[in-house]
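Worksheet for the structure shown next.
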Amino acid sequence: MSFKAITPMPTAEREVIIANSLGLHARPAMQFVDLASTFSSRVIVQKQCGECYEVDGKSVMQMITLEAGVGTKLKIRADGEDADAAVRQLAELVENKFGEE
Amino acid sequence: MGSSKDVKFCDFVVKEAIIPELEARDRAGVIREMIDSLAKAGAIEADLVEDLCSEVTKREMKGTTGFGKGVAVPHGKHPRLQKMVAVVGRSSSGVDFAALDKQPVYSFFLLLSPVSDPERHLAAMNVIFSNLQVDMFRKFLRQSDTKQKIWELLEEVDQSSRV
């Protein structure tokens, strides 16, 4: 029997603001989930509105319930080996307005 | 849940248009049948039907709104729509809607929104998806075989979410 040092799971987070005028409607939500699903990390998206509300960033149905219109502040968090890359790329997708206006 | 306290099913679902048993057996057919039903109920103008069918179908082809669990939410926007309207459709045998999980779809919410109010569209989508994620809601919706039963289910949800 040997004792292995437990290394903490990498975690990363970043705040973003929804910038496209239509907000996080179905198509952007799908884009987000498609990208999030390419990472092994768990992806959580939080919305601050009175009480904190968070959803699974890999579920389209849950992402839509964020009801995130333009100007909404969201926090993207990832836990896992590729957490840094996940958060960076997902934040860029939001900041680039999902290719919309 | 998000923050859509101010939007309820009864604010946008057109009771008279509800279809307890869809006749259509394919994706384009379901969309047409549901939009036709909204026109027959007087919720949208008849001369918008063609435009809306092609708009919603086009949207659907870009990426299915059948996100799994036997439900789909085809939707679209049109500058001539005055207000947001939706219709519920049910298929007891299920329809191949190219769903993400490749399973048949039994319950549909078709949502039509004016282009001018994206926030209200997001609020309605929130109400729809918050409920569609609830196992009991999906189960009851699938079992509701009359217009009245479907409407009562929506009313019950509206009342229970009232704070």
Side-chain angles (χ1 to χ4, degrees), chain A residues 15-39 42-77 90 93-94 96-101, chain B residues 1-8 55-56 58-77 84 86 97-101 105 107 109-135 137-138 161 163:
Chain A
E15 244 176 34
V16 291
I17 294 175
I18 297 291
N20 58 315
S21 63
L22 298 179
L24 191 71
H25 60 101
R27 201 184 57 82
M30 278 194 81
Q31 277 179 279
F32 189 98
V33 168
D34 283 347
L35 181 57
S37 302
T38 63
F39 298 97
R42 194 169 79 109
V43 176
I44 297 291
V45 182
Q46 294 177 328
K47 179 185 180 183
Q48 315 284 341
C49 55
E51 80 277 40
C52 180
Y53 176 65
E54 67 171 45
V55 302
D56 178 356
K58 295 185 181 181
S59 159
V60 185
M61 301 228 257
Q62 288 190 32
M63 286 291 290
I64 289 173
T65 67
L66 285 169
E67 201 183 323
V70 62
T72 303
K73 201 186 279 181
L74 299 175
K75 190 185 276 177
I76 303 170
R77 203 184 80 220
L90 289 166
L93 177 67
V94 177
N96 292 332
K97 305 182 178 184
F98 305 96
E100 295 185 354
E101 288 170 12
Chain B
M1 221 177 284
S3 59
S4 61
K5 299 172 199 75
D6 46 343
V7 176
K8 296 183 176 303
E55 184 63 32
V56 175
K58 204 169 71 194
R59 160 67 190 80
E60 198 61 39
M61 295 304 165
K62 276 193 222 159
T64 181
T65 61
F67 298 130
K69 302 189 178 187
V71 300
V73 184
H75 58 271
K77 296 182 179 179
M84 184 170 73
F97 216 70
L100 295 182
D101 62 1
V105 172
S107 306
F109 279 85
L110 183 135
L111 177 69
L112 302 174
S113 308
V115 283
S116 56
D117 198 348
E119 309 295 323
R120 203 167 149 76
H121 174 79
L122 292 179
M125 291 291 270
N126 180 8
V127 172
I128 294 169
F129 281 104
S130 296
N131 285 291
L132 285 179
Q133 279 182 88
V134 178
D135 294 346
F137 180 82
R138 284 198 313 280
S161 62
V163 184

Original post:
When heavy-atom pairs shorter than 4.5 Å are enumerated against chain A, which of B/His75, B/Glu119, B/Lys62, B/His121 gives the highest number?
Top reply: B/Glu119
Is it the side chain or the backbone of [X] that comes within 4.5 Å of chain A heavy atoms, both, or neither?
X        : result
B/Ser113 : neither
B/Val71  : side chain
B/Leu100 : side chain

Original post:
Is any side-chain heavy atom of A/Leu22 closer than 4.5 Å to a side-chain heavy atom of B/Lys77?
Top reply: yes
Original post:
Between A/Gly69 and B/Leu122, which heavy-atom pair has the shortest distance, and what is it?
Top reply: CA-CD1, 3.4 Å
Original post:
If you take all heavy atoms of A/Ser21 and B/Pro118, which pair is closest and at what distance?
Top reply: O-CG, 3.9 Å
Rounded to the nearest 0.5 Å, how far apart are [atom1] of [X] and [atom2] of [Y]?
X       : Y        : atom1 : atom2 : answer
A/Met61 : B/Thr65  : CE    : OG1   : 10.5 Å
A/Leu24 : B/Asn126 : CG    : CG    : 11.0 Å
A/Met63 : B/Met125 : CE    : CE    : 13.0 Å

Original post:
Where on A/Val70 is there a heavy atom nearer than 4.5 Å to chain B: the side chain, the backbone, both, or neither?
Top reply: both
Subject >> Segment of A/Gln62 engaging chain B (4.5 angstrom heavy-atom cut-off) >> reply: both
Original post:
Any chance CZ of A/Arg42 has more than 12 other-residue heavy atoms, nucleotides or ligands included, within less than 6.0 Å?
Top reply: no
